[in-house]
> 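Here you go, one structure.
Throughout, a chain's letter reflects where its sequence line sits, starting with A, and its residues are numbered from 1. Values below: every heavy atom of this structure, side chains too, minus hydrogens, waters and symmetry copies.
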Amino acid sequence: MSPLLTVDRVSKRFPLKATLIDKLTAGLGNRRAGGTVHAVTDVTFEVARGEVLGMVGESGCGKSTLGRIVSGIYAPTEGTVRLDGEPVARGRDDHVDKLTTRVQMIHQDPFASLNPRMKVGETISEGPRIHRLVPASDVRARTRALLEQVGLEGAYADRFPHQFSGGQRQRIAIARALAMQPDLLVLDEAVASLDVSIQAQVLNLFLDLRRDLGLTALFISHDLSVVRHVCDRVAIMYLGRIVELSPAEQLYAAPKHPYTQALFASVPTLGTGRRAFRPIEGEIPSPIDPPPGCAFHPRCPFAGPRCRAEVPRLTASGPGRTVACHLNDGGVGLKEAA
Amino acid sequence: MNAALDVQGLTTRFDTRAGTVTAVNDVSFSVEPGRIMGLVGESGSGKSVTGFSILGLIEEPGRITDGRVLVEGTDLRAMPPGQLRSMRGRKVSMVFQDPMMTLNPVLRIGDQMSMAVRVHERMNKRQALARSRDALAKVGIPSPEERLSAYPHQLSGGMRQRVAIAIALLHRPAVIIADEPTTALDVSIQGQILAEVRRLADETRTAIVWVTHDLAVVSSLADDICVMYAGRIVERGTAEDVIARPRHPYTRGLLDSVPGQHAPGTHLPQIPGSTPQLSRLPSGCPFRNRCPRATEVCTTEPPVARFGGHTALCHHPLEAA
């Protein structure tokens, strides 16, 4: 079966506008002036219909930018994003309204993503009304049905966002996305701002909806346990690139990329008791001036000369698994060093 | 052993339009030198207000109405304001979620640190800078000498938080209150800071109160845990006991709802309903209408407990192992 979403060699770069101060200090080694943020670099993956793909990484790794490219909010600098073979966004300013309604996004902060002056019923029905997805006479009934589908009362349609808690608002945001009958949902840290007990409720709702509606989703999160719970496959991103892509079960059983391994080792988990952390050394490099070769090499315990010179390609490593590491592709070149 | 921090019956109220609410309700706990106490709760549980109340940092419309806060045996609440100010930063210090609450953006790190040193101790600038440099080295900041002349914006979020912790450590305080200090940081950076904090507690014998919503963090960092719900401590015990054998139904529910310990794709156990508003708490036990073990007595009688060992504030606690 052909995949629903195909992301092919997508890159996104943001030019930094040089301020007056940047221009004046350029001679003093200020690299901001005229610099470029390499937010996403050469990313390729597919999502099958009915699949939930997790996108994991730390801040600045490009996972949110990627989510926005998939949603058609940003046009990629290079590469293509296709839904059922049709491009989501063709050029820089190309708006393909009919297509972009097929991807709906759910954002992290339900306090910022809902218009405080609109009744939630209006918020939910606005999209279908404008795009004429539902006959005008059915809009009200449909809105009530959507609210009930996300575990709220239909009568809440006449209330305003401030009358709801964070968890309830996130349910409303989900109802708004579902109202467009999307083929693909992009959830960007959709449960990150919720308390644990509320997070469990919203994750359960997501699992129910997935079962009932056969949802396809890109699930962006920094939380490894949440991703483990809801995703079929997981992509790990580091500094704009996918470094590992694997079925969730195999990934969590045995992470292969040194960054993934380090990430897993530094996450505190319940029930391990007091223990020695094995944190990753050093910090995430700047995407304005990424290190040459493998972006992880300055922090990697296995790095060799090849890692400093050559960007590793994603290569197969077991069924359905790919890893971008020279260790998996001919070695890090320790011999040349000797 | 004498406690570094002993909080007794601390109560903080806020006057709101909906009436007076009790954000911190008769909270008592103590922390011995070198130990880390995890103060855990969800939003609105009163965990952060407890931290602020310990330092007397409560402003109108809030007020601390009751209780004692003993630091190495001296009651902070009985002190005149001037004396209390001399305790803050010297005997008790605070680390905030956002390090920019601590750092002045227009001063070099070395200048603001040495200023903090000289507020409490007579020494010249050079000595103060040396002390600052040592403090930066102690929290694992590479090339601390150079960092002294950096401005906060030149440091990453993780480095800024280390600087904030270094400032809290300048006077070798008996107690540090840390309010969600790693919540805004990435996991790899959080791991580094948790490792440093554990090492610092062991080495400097500072007692640390680590305020957080993250059960996984406290389970791997803290020695003891207090769980807060609706302004009260509802369970207290060693980290191992509370995480492995919770006695309060709320703690049990909270722990069960953490993903990662259940088969992927299955329903997570969830606590029904949401945290009640402090102005509209139910009668009796504030958790009763979300509680699977609640009975008649829970609606009429607020639970009372004599805390000692592993205790839950509950009419029907789960069996201790």
Side-chain angles (χ1 to χ4, degrees), chain A residues 52 56-61 164-168 191 193-205 207-208 210-211 222-232 248-249 252 259 262-284 286 299, chain B residues 36 40-45 140 142 156-159 182 184-196 198-199 213-223 239-240 243-244 250 253-275 277 290:
Chain A
V52 177
V56 178
E58 300 183 273
S59 40
C61 74
F164 295 94
S165 66
Q168 289 173 317
V191 296
S193 64
L194 304 175
D195 273 321
V196 196
S197 67
I198 308 303
Q199 175 179 288
Q201 295 173 1
V202 175
L203 287 176
N204 284 343
L205 170 67
L207 291 169
D208 289 343
R210 186 187 174 185
R211 190 194 56 218
H222 71 285
D223 189 322
L224 287 163
S225 2
V226 168
V227 166
R228 166 94 175 109
H229 198 74
V230 299
C231 298
D232 304 311
E249 201 181 335
Y252 283 76
Y259 172 64
L263 196 60
F264 278 51
S266 53
V267 177
T269 47
L270 278 182
T272 43
R274 255 185 72 174
R275 62 175 188 135
F277 285 96
R278 285 178 293 134
I280 315 179
E281 298 286 319
E283 304 209 2
I284 305 163
S286 161
R299 308 172 76 187
Chain B
I36 301 179
V40 191
E42 298 187 281
S43 341
S45 63
S156 67
M159 278 300 156
T182 58
L185 303 177
D186 278 314
V187 274
S188 71
I189 308 301
Q190 168 174 277
Q192 295 170 355
I193 290 191
L194 294 181
E196 296 291 354
R198 184 68 255 177
R199 190 178 55 75
H213 70 285
D214 194 325
L215 291 160
V217 164
V218 285
S219 86
S220 30
L221 174 76
D223 300 294
E240 202 194 332
I243 298 292
Y250 172 64
L254 212 51
L255 285 164
D256 284 346
S257 59
V258 176
Q261 43 183 346
H262 308 282
T266 57
H267 255 225
L268 295 166
Q270 60 183 48
I271 303 174
S274 54
T275 321
Q277 285 182 18
R290 305 175 72 190

> Tell me, out of A:A248, A:G282, A:G167, who's got the most heavy-atom pairs with chain B below 4.5 Å.
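Max contact count across the listed options: A:G282.
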> Between A:E249 and chain B, with a heavy-atom cut-off of 4.5 Å, which part of the residue counts as in contact: side chain, backbone, both or neither?
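When you check distances to chain B, no heavy atom of A:E249 falls under 4.5 Å.
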> Tell me, for B:P272 versus chain A, whether the close heavy atoms (under 4.5 Å) come from the side chain, the backbone, both or neither.
backbone
> Nearest 0.5 Å please: distance from the CD atom of B:Q190 over to the CD atom of A:E58.
10.0 Å
> What part of A:R210 is in contact with chain B, defined as an atom under 4.5 angstrom from a non-hydrogen atom: side chain, backbone, both or neither?
neither
> Donor-acceptor check, side chain of A:H229 to backbone of B:H267, threshold 3.5 angstrom: yes or no?
no
> Roughly how far, to the nearest 0.5 Å, is the CD1 atom of B:I271 from the CD atom of A:Q201?
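Answer for the CD-CD1 pair, A:Q201 versus B:I271, is 8.5 Å.
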> Quick check on the interface: out of B:G260, B:A263, B:P259, who has the most heavy-atom pairs with chain A under 4.5 Å?
B:P259
> Say you draw a straight line from CD of A:Q168 to OG of B:S274; how long is it, rounded to the nearest 0.5 Å?
6.0 Å
> Where do B:S188 and A:S266 come nearest, in terms of heavy atoms and distance?
CA-OG, 3.8 Å
> For the pair B:S219 (side chain) and A:T269 (backbone), establish whether a donor and an acceptor sit closer than 3.5 Å, ignoring hydrogens and angles.
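Confirmed, B:S219 side chain pairs with A:T269 backbone.
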> Count the heavy-atom pairs under 4.5 Å between each of A:G57, A:A200, A:G60 and chain B, then report the option with the highest count.
A:A200
> Less than 4.5 Å to any heavy atom of chain A: does that hold for the side chain of B:Q261, its backbone, both, or neither?
side chain
> Quick one: which of B:T275, B:V218, B:T266 has the most heavy-atom pairs under 4.5 Å with chain A, could you say?
B:T266
> Please report the interatomic distance CG(A:N204) to CD(B:Q270), rounded to the nearest 0.5 Å.
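So the gap between those two atoms works out to 4.5 Å.
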> Quick one: which of A:S286, A:G166, A:S225, A:C231 has the most heavy-atom pairs under 4.5 Å with chain B, could you say?
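The answer is A:S225.
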> Using modelled atom types only, decide if a donor and an acceptor are shared between the side chain of B:E42 and the backbone of A:S197 within a distance under 3.5 Å.
yes
> For B:L255, is it the side chain, the backbone, both, or neither that has a heavy atom closer than 4.5 Å to a heavy atom of chain A?
both
> Just to verify, which of A:D195, A:L203, A:V196 counts as forming a side chain to side chain contact (heavy atoms under 4.5 Å, CB included) with B:S257?
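With B:S257 as partner, side chain to side chain contact (heavy atoms under 4.5 Å, CB included) holds for just one option, A:V196.
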